[in-house]
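A quick note: this is a predicted structure, and the numbers were derived from the prediction, not measured. Residue numbers begin at 1 in each chain, while the letters A, B, ... track the order of the sequences.
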2 protein chains.
Amino acid sequence: MTSDLPIISLGNIDEDGRSERKDAAANRKLILETAEALFAEKGVENVCMAEIAQAAGVGKGTLYRRFANKAELCLALMDTQMVEFQNRMLAEFRKMTVNRVPQMAQLEFFMDGLVHFTDAHAPLLSEVQSEGLLQERRSTEMPHFWQYMTVHGLFQTAIDAGELPQGLDTEYLADALLSPLMVDIFRFQREVRGFSLERISEGLRVLIAGLRHCVD
Amino acid sequence: MTSDLPIISLGNIDEDGRSERKDAAANRKLILETAEALFAEKGVENVCMAEIAQAAGVGKGTLYRRFANKAELCLALMDTQMVEFQNRMLAEFRKMTVNRVPQMAQLEFFMDGLVHFTDAHAPLLSEVQSEGLLQERRSTEMPHFWQYMTVHGLFQTAIDAGELPQGLDTEYLADALLSPLMVDIFRFQREVRGFSLERISEGLRVLIAGLRHCVD
DNA sequence: CAGATAAGCGGACTTGAGTCCACTTGCAAA
DNA sequence: TTTGCAAGTGGACTCAAGTCCGCTTATCTG
């Protein structure tokens, strides 16, 4: 059942299904490339929107027409890599399922991949998540959305397969298991606590493993 | 061993141990009262710093000398209630320990209390946490600090008491267990997912219960 | 091809955060 | 009591975010 996990992407389709005007599409590309270059040069958090607009040679109005804020811009920049990661994971899931690898092992594999993904994209993710989970806008495009769908899906399948007891609150558990990977906390653990990626993965593995036993 | 858990409070002692000048202390009090009133009237997120300064009849400079930002101001406003909560919990721990209540049950009790505490103070906590975990400044006064110390302490004691297997990464687990209570995620679960407090508590209970079994 | 028009564009403007600094005042030592 | 000065004060100023609105242009229709 892992095959119906969603792949989420922005694409360049407007909400109405209408595609952009040619000049607008060119500008979007220009802005994204300019932003990527500036981010690489000075670090994501040291680049402001006005600076991006100026470097791209467009007005602030244009920039904000395409991307309502820095979070959205950063989300667009991550889009390709997010889709790539999702595809890689889906391919692995398929392979593992063929090889009769238990769902819970697949979940551990996913979480481990996510730890590395989060680490690799921490600066962009910081901006993306600074917007907050609460904004309705674009919520289905937020990283948390597909991460949640994946974890939740794996939990459900694990229950169906008898790997987990029935009656677990998979909706809550999916959110809870993902919450230590929200960037704020993740970066805190990495930068202040000094945890290694392996240590974080192992910690999550322990949490996951525990679920197998406890129901009462 | 629960008796050496810390109680964290701001107090009105300067970092150098020097106490404030009388006029300054009066202003701090005035500012806190004004802010509290404005927050109650218009909601925490709808009140800006300039507004607080004006309503209190002081300049922005004065306001910012006392409180480096809105987060710090909100933290000061929560101070009393935080200390109260901590004391209530410590008292309960003592009582429970006398009655031979297992450490893990005490942890569940604490987490349940924390769920209610977080819910009750969500707006102020949102401001406090918007500062982010990463700022070194005042990190020991942040809610997460004493929450972490408490959970970590309970884990350790549980291990010493043989309730949990040795070798658990208690430092990681304390952070991880608390992370679904970071306001962003908590509010998301409450407001978007629509989870009840009971459901959240129960979910946490399941996570905690799992730890008893899994080590390998 | 011409005209209509929705989409796109740019930059001035508004708003709030936070800094700076010249001026004032409480307090303690002489 | 005077006086030195660290602490306190107020508000102008800087900086970035995000909005607004009058002008321009791609694209569609006749």
Side-chain angles (χ1 to χ4, degrees), chain A residues 12-32 34-35 38-39 42-76 126-132 135 137-138, chain B residues 12-32 34-35 38-39 42-76 126-132 135 137-138:
Chain A
N12 34 4
I13 308 294
D14 191 305
E15 270 157 34
D16 314 338
R18 213 195 208 56
S19 80
E20 298 178 305
R21 233 165 69 173
K22 229 176 3 198
D23 53 346
N27 257 340
R28 139 169 287 145
K29 193 157 162 281
L30 174 63
I31 288 169
L32 285 175
T34 307
L38 279 177
F39 287 166
K42 315 178 50 172
V44 177
E45 73 258 331
N46 302 314
V47 179
C48 74
M49 292 295 268
E51 200 176 349
I52 296 170
Q54 184 165 36
V58 304
K60 278 181 74 175
T62 305
L63 175 54
Y64 276 101
R65 165 170 293 270
R66 282 288 141 330
F67 306 102
N69 48 44
K70 205 170 162 187
E72 216 170 90
L73 173 57
C74 290
L75 188 56
S126 281
E127 293 297 332
V128 171
Q129 291 184 14
S130 72
E131 173 82 348
Q135 268 51 47
R137 267 164 50 82
R138 306 231 169 263
Chain B
N12 34 6
I13 308 292
D14 190 306
E15 269 157 34
D16 313 339
R18 216 194 204 60
S19 79
E20 295 178 308
R21 235 163 68 173
K22 229 176 3 201
D23 53 344
N27 256 340
R28 137 168 290 143
K29 191 154 164 284
L30 174 64
I31 288 169
L32 285 174
T34 308
L38 279 177
F39 287 166
K42 315 178 50 173
V44 178
E45 72 260 330
N46 302 315
V47 179
C48 73
M49 290 296 268
E51 201 175 350
I52 295 169
Q54 186 165 34
V58 304
K60 278 181 74 175
T62 305
L63 175 54
Y64 276 102
R65 165 169 292 270
R66 284 286 142 334
F67 305 102
N69 47 46
K70 205 170 163 187
E72 216 169 272
L73 172 57
C74 290
L75 188 55
S126 281
E127 292 297 332
V128 172
Q129 291 183 14
S130 72
E131 173 82 348
Q135 268 54 44
R137 266 163 52 81
R138 306 232 169 261

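- As a whole-Å value, the separation of A:L73 CG from D:dA17 P is 11 Å.
- Nearest nucleotide to the B:R66 side chain, out of C:dC9, C:dT19, D:dT9: D:dT9.
- No donor-acceptor pair under 3.5 Å is formed between the side chain of B:E51 and the backbone N or O of B:V47.
- Among the nucleotides C:dA12, D:dA12, D:dG10, the one closest to the side chain of B:T62 is D:dG10.
- Atom CZ in B:R65 sits about 17 Å away from atom P in C:dC23, given to the nearest Å.
- Atom-to-atom, OH of B:Y64 to P of D:dT9 comes out at 16 Å; the value is rounded to the nearest Å.
- A straight line from CD of A:E131 to C1' of D:dA17 spans 12 Å, rounded to a whole angstrom.
- Nucleotide D:dG8 holds its P atom 15 Å from the CG atom of B:L30, rounded to whole Å.
- Of the candidate nucleotides C:dG10, D:dT27, C:dC9, D:dT27 has the atom lying nearest to any side-chain atom of A:K22.
- The number of heavy atoms from other shown groups lying within 6.0 Å of CD (B:Q54) does not exceed 12.
- At a threshold of 4.5 Å between non-hydrogen side-chain atoms, the residues B:L75 and B:F67 do not count as touching.
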Apply side chain to side chain contact (heavy atoms under 4.5 Å, CB included) to A:V44 and A:S126, showing your working.
CA-CA 9 Å; A:V44 177; A:S126 281; over 6 Å; no
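- A:L38 places none of its side-chain heavy atoms less than 4.5 Å from the side chain of A:N46.
- In this structure, the CG atom of B:N69 is 9 Å from the C1' atom of C:dA17, given to the nearest Å.
- Residue-to-nucleotide proximity on DNA chain D shows that, of A:A50 and A:G61, the 5′-proximal contact is made by A:A50.
- Comparing C:dC9, D:dA16, C:dA17 by their closest approach to the side chain of B:K70 singles out C:dA17.
- Rounded to whole Å, the distance from CE on A:M49 to P on C:dG16 is 20 Å.
- Taking atom CD on B:E72 and atom P on C:dA17, their separation rounds to 15 Å, with Å as the unit.
- Each of B:E51 and A:N27 lies near DNA chain C, and the nucleotide nearest A:N27 is the one positioned closer to the 5' end.
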